[in-house]
Amino acid sequence: MSTDQDLLADGRLTDGLLAHPYAVYDRLRDSAPVHRVTGPDGSPAWLVTRYDDVREALANPLLSLDKRHALPGGYKGFALPPALDANLLNMDPPDHTRIRRLVGRAFTTRRVEQLRAPIRRTADHLLDALGVHGSTDLIAAYAAPLPITVICDLLGVPDGHRRDFRAWTDVLVAPDPARPQAAKEAVVAMLGFFTQLLAAKRKEPADDLLSDLIAVRDEGGREGSDRLSEDELMSLAFLILFAGYENTVQLIGTAVLALLQHPGQLAALRADPSRLPAAVEEFVRYDGPALLAIRRFPLEDVTIGDVTVPAGETVLLSLAAANRDPRRFPDADRFDLGRDATGHLALGHGIHYCLGAPLARLETEIALAALLERLPDLKLDGDPGDLRWRPSLRARGLLTLPVTY
């Protein structure tokens, strides 16, 4: 065990980690498998950084996501009302199994592939708006509106509410210390939004995922054992919309940045776009959308690496550190579209593997394919050292990505 005071002042995760996550993780991973740290809210936690340990822990049924197993005073993550908190990120089997079965049908690789043409149309529409040359913030103009449009279309969210949801999500993921009430206000606004949306869908069902989930709730399920409570229904809608937007916008942004900073690999990908599906695996390994997995709580004392973590304490599994572990990926800090990046943990592992992974992969592939075809002279606008990153451990991503084309 190590607190590594040189890297994390007082063991605090946020000190230095946000500015230089991979340098910090490299040293933490080398010095010890598990570190006693202070979470973002000031509470104690155990940080796991090595690939084998993280992978094993992600699939360990003794590490619960249910906050009811947490000791008082531990780090729990988001503070949400019950109507938004009864989601897959806080559940263990059998509830997790039941709800994932209900919604999982919409996110199979086969079903998601049917969205390829609509996603490409959305990408082309956004690029049409940019024109053939100029400068823009690629996050605001492209990387953000693409996934919010796709996930809102899938759920059936009206156009007029999409900008609001983006703003609420940004506040939750990276709270502003100068506006301590902003996160609470965003939660209240989202709760009201989903309450009204569910009422509207009940009144006028449509051909969308949310209407299907409401039918499951109100009709008692298509299968005798399938049930959704009202809180579970609203929480599921919140999670699909939140995660479906948040993870993909970050992934598209960091993927474009990696290509622009490695022009040789960008040129090779332009020359052979068929490599894009495999390239997405390296994008997500090299600089994925999450520094940490959802916190876990041991149901009993658990040994990770050479440390025994007491039951109920908070365990934080570093996906980013695991994906840069040279024991698993040789020369792991090098961006290499030629490497075999399969086996990365950026989207999880085990029963809690990211439900929307097929959709995130497809959106990123299509977003990059459209850029490669239509903006052949895409370049960073300014010094890469001036790029600003979200001040958040929950979602690693760029605030802006200024480019010329």
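None of these values were measured; they are calculated from a predicted model. The residues of the chain are indexed from 1 along the displayed sequence.
Around CD of Glu204, the count of heavy atoms belonging to other residues, nucleotides or ligands within 6.0 Å does not exceed 12. Counting non-hydrogen atoms of other residues, nucleotides and ligands closer than 6.0 Å to CG of Asp207 gives a total of 12 or fewer. Environment of CZ in Arg163: sparse, with no more than 12 heavy atoms of neighbouring residues, nucleotides or ligands closer than 6.0 Å.
For the atom pair CD of Gln261 and OG1 of Thr254, the computed distance is 10.5 Å after rounding to the nearest 0.5 Å. Atoms CG and CD1, from Leu146 and Ile366 in turn, are 8.0 Å apart once rounded to the nearest 0.5 Å. The CG atom of Leu241 sits 12.0 Å away from the CZ atom of Arg166 when rounded to the nearest 0.5 Å. Here CG of Leu259 is found 10.5 Å from CG of Leu380. Values are rounded to the nearest 0.5 Å. Rounded to the nearest 0.5 angstrom, Leu372 CG and Leu378 CG are separated by 9.0 Å. Distance check: Leu154 CG to Leu115 CG gives 6.0 Å after rounding to the nearest 0.5 Å.
Residue pairs meeting the ring-ring contact (aromatic ring centres under 6.0 Å, His included) criterion with at least one member in residues 107-145: none, sequence neighbours excluded. For residues 123-136, every residue pair satisfying the salt bridge (charged side-chain N to carboxylate O under 4.0 Å, His left out) rule, not counting sequence neighbours, is listed here: Arg120-Asp124, Asp124-Arg374, Asp128-Arg374. Applying the salt bridge (charged side-chain N to carboxylate O under 4.0 Å, His left out) rule to pairs touching residues 232-249 yields Arg98-Glu232, Glu246-Arg390, sequence neighbours excluded.
A salt bridge is defined here as a Lys NZ or Arg NE, NH1 or NH2 lying under 4.0 Å from an Asp or Glu carboxylate O, and Asp218 with Arg202 meets this definition. Note on Arg162 versus Asp153: salt bridge recorded, some NZ/NE/NH1/NH2 to OD/OE distance being below 4.0 Å. Residues Arg116 and Glu113 are paired through a salt bridge, judged by an N-O separation under 4.0 Å between the basic side chain and the carboxylate.
Leu47 is listed as a side-chain neighbour of Leu292, based on a closest heavy-atom distance under 4.5 Å. Side-chain atoms of Asp333 and Asp26, non-hydrogen and from C-beta on, do get closer than 4.5 Å to each other. Taking the side chain as every heavy atom from C-beta outward, Trp389 and Leu399 never approach each other to under 4.5 Å. Residues His344 and Arg328 form no side-chain contact, since every pair of their non-hydrogen atoms from C-beta on lies 4.5 Å or further apart. Glu363 places a side-chain heavy atom less than 4.5 Å from the side chain of Val150. Counting only heavy atoms from C-beta outward, the side chains of Pro44 and Thr314 never approach each other to under 4.5 Å. Under the 4.5 Å side-chain criterion, counting only non-hydrogen atoms from C-beta, Leu62 is in contact with Glu300. In this structure, the side chains of Thr109 and Pro358 come closer than 4.5 Å at one or more pairs of heavy atoms.
Not counting sequence neighbours, the partners of Ala357 by the side chain to side chain contact (heavy atoms under 4.5 Å, CB included) test are Leu347, Tyr353, Cys354, Arg361. For Tyr286, the ring pair (Phe, Tyr, Trp, His ring centres under 6.0 Å) partners are Phe335, not counting sequence neighbours. When the side chain to side chain contact (heavy atoms under 4.5 Å, CB included) test is applied to Ala206, the partners found at least two apart in sequence or on another chain are Lys201, Asp208, Ser211. Take His352 and apply the ring pair (Phe, Tyr, Trp, His ring centres under 6.0 Å) test, not counting sequence neighbours, and it matches His96. Partners of Ser235 under the side chain to side chain contact (heavy atoms under 4.5 Å, CB included) rule, at least two apart in sequence or in another chain, are Ala86, Asn87. In this structure Pro310 satisfies the side chain to side chain contact (heavy atoms under 4.5 Å, CB included) test together with Trp46, Asp301, Glu313, sequence neighbours excluded. Considering only residues two or more places apart in sequence or on other chains, Asp386 meets the salt bridge (charged side-chain N to carboxylate O under 4.0 Å, His left out) condition with none of them.
The main-chain N or O of Ala32 is found under 3.5 Å from a side-chain atom of His35 such that the two form a donor-acceptor pair. Formation of a donor-acceptor pair under 3.5 Å by the Thr149 side chain with backbone atoms of Pro145 is found in this model. In terms of modelled atom types and a separation under 3.5 Å, the side chain of Thr364 and the main chain of Val280 share no donor-acceptor contact. Remark: the backbone N or O of Pro118 is paired with a side-chain donor or acceptor of Thr122 at under 3.5 angstrom.
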Solution key, residues 48-56 side-chain donor-acceptor pairs under 3.5 Å, sequence neighbours excluded:
| residue | atom | partner | partner atom | Å |
| --- | --- | --- | --- | --- |
| Arg50 | NE | Arg29 | O | 2.8 |
| Arg50 | NH2 | Arg29 | O | 3.0 |
| Tyr51 | OH | Gly343 | O | 2.5 |

May I have the list of side-chain donor-acceptor pairs in residues 186-198 shorter than 3.5 Å, sequence neighbours left out?
| residue | atom | partner | partner atom | Å |
| --- | --- | --- | --- | --- |
| Thr195 | OG1 | Leu191 | O | 2.8 |

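The closest side-chain donor-acceptor pair between Asp272 and Ser274 falls under 3.5 angstrom. For the residue pair Tyr25 / Ser318, a side-chain donor-acceptor distance below 3.5 Å is found, with atom types taken as modelled. Asp85 and Asn90 form a side-chain donor-acceptor contact under 3.5 Å, judged by distance and modelled atom types alone. No hydrogens or angles considered: nothing links the side chains of Asp231 and Ser229 as a donor-acceptor pair under 3.5 Å. Donor-acceptor pairing under 3.5 Å is recorded for the side chains of Asp92 and Ser64. Between the side chains of Thr308 and Thr303, at least one donor-acceptor pair of N or O atoms lies under 3.5 Å.
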(message) Run the side chain to side chain contact (heavy atoms under 4.5 Å, CB included) test on Ile240 and Ile151 for me, step by step, so that the C-alpha distance in whole Å, both residues' side-chain angles and the decisive distance to 0.1 Å come before the verdict.
(response) CA-CA 8 Å; Ile240 293 171; Ile151 201 67; 3.9 Å; yes
(request) Check step by step if side chain to side chain contact (heavy atoms under 4.5 Å, CB included) holds for Leu88 and Arg100. (result) CA-CA 7 Å; Leu88 292 169; Arg100 186 162 179 133; 4.3 Å; yes
(request) Could you give me the CA-CA distance, side-chain angles and deciding distance for Ile119 and Leu359, then say whether side chain to side chain contact (heavy atoms under 4.5 Å, CB included) is met? (result) CA-CA 10 Å; Ile119 294 172; Leu359 182 57; 4.2 Å; yes
(message) Evaluate Gln265 against Asp336 for side chain to side chain contact (heavy atoms under 4.5 Å, CB included), listing each step before the verdict.
(response) CA-CA 8 Å; Gln265 301 209 47; Asp336 180 8; 4.2 Å; yes
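When each of Val284, Leu317, Asn323 is paired with Leu345, the side chain to side chain contact (heavy atoms under 4.5 Å, CB included) condition holds for Asn323 and for no other.
Between Arg396 and Asp287, the closest heavy-atom pair is NE-OD1, 2.6 Å. Residues Leu257 and Leu387 approach most closely at CD1-CD1, 3.5 Å, considering heavy atoms.
A cation-pi arrangement, defined by a distance under 6.0 Å to the six-membered ring centre and an angle within 45 degrees of its axis, is present between Arg285 and Phe329.
Ring geometry, Phe165 versus Trp168: the interplanar angle exceeds 60°, so the pair is classed perpendicular (tilted spans 30 to 60°).
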